[in-house]
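Down below is the structure, laid out as structure tokens.
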Protein chains: 2
Amino acid sequence: MMDEKTYKEIQDSFTAYLTEKKLRKTEERYTILEKICSFSGHFDIVMLHQKLDETRFHVSKATLYNTLDVLVDAGLIIRHQLNSKSVQYELRNIAETHLHLICMKCGNIRELKNTSYTNFAKTLKITRFTAEFYSLYIYGICSKCKNKGSKK
Amino acid sequence: MMDEKTYKEIQDSFTAYLTEKKLRKTEERYTILEKICSFSGHFDIVMLHQKLDETRFHVSKATLYNTLDVLVDAGLIIRHQLNSKSVQYELRNIAETHLHLICMKCGNIRELKNTSYTNFAKTLKITRFTAEFYSLYIYGICSKCKNKGSKK
DNA sequence: TTTACTGCAAATATTTTGCAATATC
DNA sequence: GATATTGCAAAATATTTGCAGTAAA
């Protein structure tokens, strides 16, 4: 879990967004966000649903999909398609401080703490577009697959 | 369509891959690759299927999914999840020379010709991973949405 | 020949939608 | 109170699978 201060900032940002868009501040939305903030990496819908159920907070799939859309719109989480399986989400806050190493053989994803690419990307001159954040994916072969050869 | 020389290189690379993996060199696989090489940007399964049908080359969805998997494995195309709708594919060859600007309001995607991020990324020291290619996604607000306010 | 690949249709998985009940504003 | 949001189940989409026929090696 992130520190309390960061969590409060994210929460406040969500509240501001909901207010601005005249959307309702429901328990479901805040509880889902809270759960997401407890993850340190990627997650998908199924996993999030399970974790919520485990803490005895059941929401319908419809609500989950709806809330994730809202959170994406609010810019608090981002959507990745890192492998062929399922859509993965990640707190923008965390995604910003990592780049993603994706093994093209086994599909494994490694997060690598690195902020230099963001700094680099900020120097790019881009017209007719206001950049908010950056995601770098590096595709290649992880050391396991390199040694063992193809796993698939 | 790319120039003939590039197309031949891609085709040869596919042949080498199929040979190495002891996979068969079928007309379907080569025709699908050829069609993909005629696109200058992203495409999805539905669009590819249509375009193939238009040129009177019908393949089943099963074959299409199978072939796209093979092409991803071969490293010739990459898979993007650029918006919430559907998975999009792109020739790796083309993807490498562009970065992607994704509007968080309207979902529109703009490709921006830029290779400097690849050069930058190549300078990153990464252990236990052999990088092959790089993809930079920049999330933000496009000028249309900036002016008009939210479209959604 | 052998068996990988294809097409088709059926099975799964994923996401969206309709609608009545509920809770926010 | 008005109506956005929720839950549930059904519908719509997207993807995978089983299997018999076909074709590459």
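By convention in this document, chain letters (A, B, ...) are assigned in the order of the sequence lines, proteins followed by strands, and residues within each chain are numbered from 1. All heavy atoms count here, side chains included; hydrogens, waters and symmetry mates do not.
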- Query: Can you tell me if H80(B) and H80(A) form a side-chain donor-acceptor pair at under 3.5 Å?
  - Reply: no

- Note on the structure: Given protein heavy atoms under 4.0 Å, the one-letter contact record of nucleotides 19-25 of chain C, with B base, S sugar-phosphate only and - none, is simply ----BBS

- Message: Does S38(A) form a side chain to side chain donor-acceptor pair (under 3.5 Å) with K51(A)? I'd like the steps, not just the answer.
- Response: CA-CA 10 Å; S38(A) 76; K51(A) 293 283 180 186; over 6 Å; no

- Item | I94(B) versus S40(B), closest heavy-atom pair with distance | CG2-O, 3.7 Å

- Look at the rings of H100(B) and Y137(B) and say which category their plane angle falls in: under 30° parallel, 30 to 60° tilted, over 60° perpendicular. perpendicular

- So, is Y65(A) close to the dT16(C) phosphate, meaning a side-chain N or O under 4.0 Å from OP1 or OP2? no

- Axis deviation across the helix from dT1(C)-dA25(D) to dC25(C)-dG1(D), five-pair ends, to the nearest 10°: 50°

- Go through the structure and list residues passing salt bridge (Lys or Arg N to Asp or Glu O under 4.0 Å) with E132(B), not counting sequence neighbours. R92(B)

- Query: Rounded to the nearest Å, what distance is computed from the CG atom of residue L68(B) to the P atom of nucleotide dA14(D)?
  - Reply: 14 Å

- Query: Is the Y134(B)-F120(B) ring centre distance short of 6.0 angstrom?
  - Reply: no

- Item | Aromatic plane relationship, Y139(A) with F133(B) - under 30° parallel, 30 to 60° tilted, over 60° perpendicular | parallel

- Query: Taking OH from Y17(B) and P from dA4(C), how many angstroms apart are they, rounded to a whole number?
  - Reply: 15 Å

- Task: Figure out the CD1/C1' separation between I45(B) and dT14(C), and round it to whole Å.
- Result: 15 Å

- Task: Calculate the interatomic distance between F57(B) atom CZ and dG7(C) atom C1'; express it in whole Å.
- Result: 12 Å

- Query: Will you find, in the side chains of Q11(B) and Y7(B), an N or O donor that is under 3.5 Å from an N or O acceptor?
  - Reply: yes

- By nearest-heavy-atom nucleotide on DNA chain C, the more 5' of R29(B) and V46(A) is R29(B)

- Item | Close side-chain approach of F129(A) to I141(B), heavy-atom, < 4.5 Å | no

- Interatomic distance where CG belongs to L52(A) and P belongs to dG7(D) [whole Å]: 11 Å

- Rounded interatomic separation in angstrom, taking NE2 from H49(A) and P from dT6(D): 13 Å

- Note on the structure: Residues pairing under ring-ring contact (aromatic ring centres under 6.0 Å, His included) where one sits in residues 49-73 of chain A, two or more places apart or in two chains, turn out to be H49(A)-H58(A)

Nucleotide N/O of nucleotides 8-11 of chain C paired with protein N/O under 3.5 Å:
| residue | atom | partner | partner atom | Å |
| --- | --- | --- | --- | --- |
| dC8(C) | OP2 | H58(B) | NE2 | 3.4 |

- Task: Measure the distance from CD on E20(A) to C1' on dA4(D) and round it to the nearest whole Å.
- Result: 17 Å

- Applying side chain to side chain donor-acceptor pair (under 3.5 Å) to T115(B) and not counting sequence neighbours gives none

- Whole angstrom value for the distance that separates P of dA4(C) from CG of D69(B): 17 Å

- Item | Short side-chain N/O contact from N66(B) to OP1 or OP2 of dT6(C), under 4.0 Å | yes

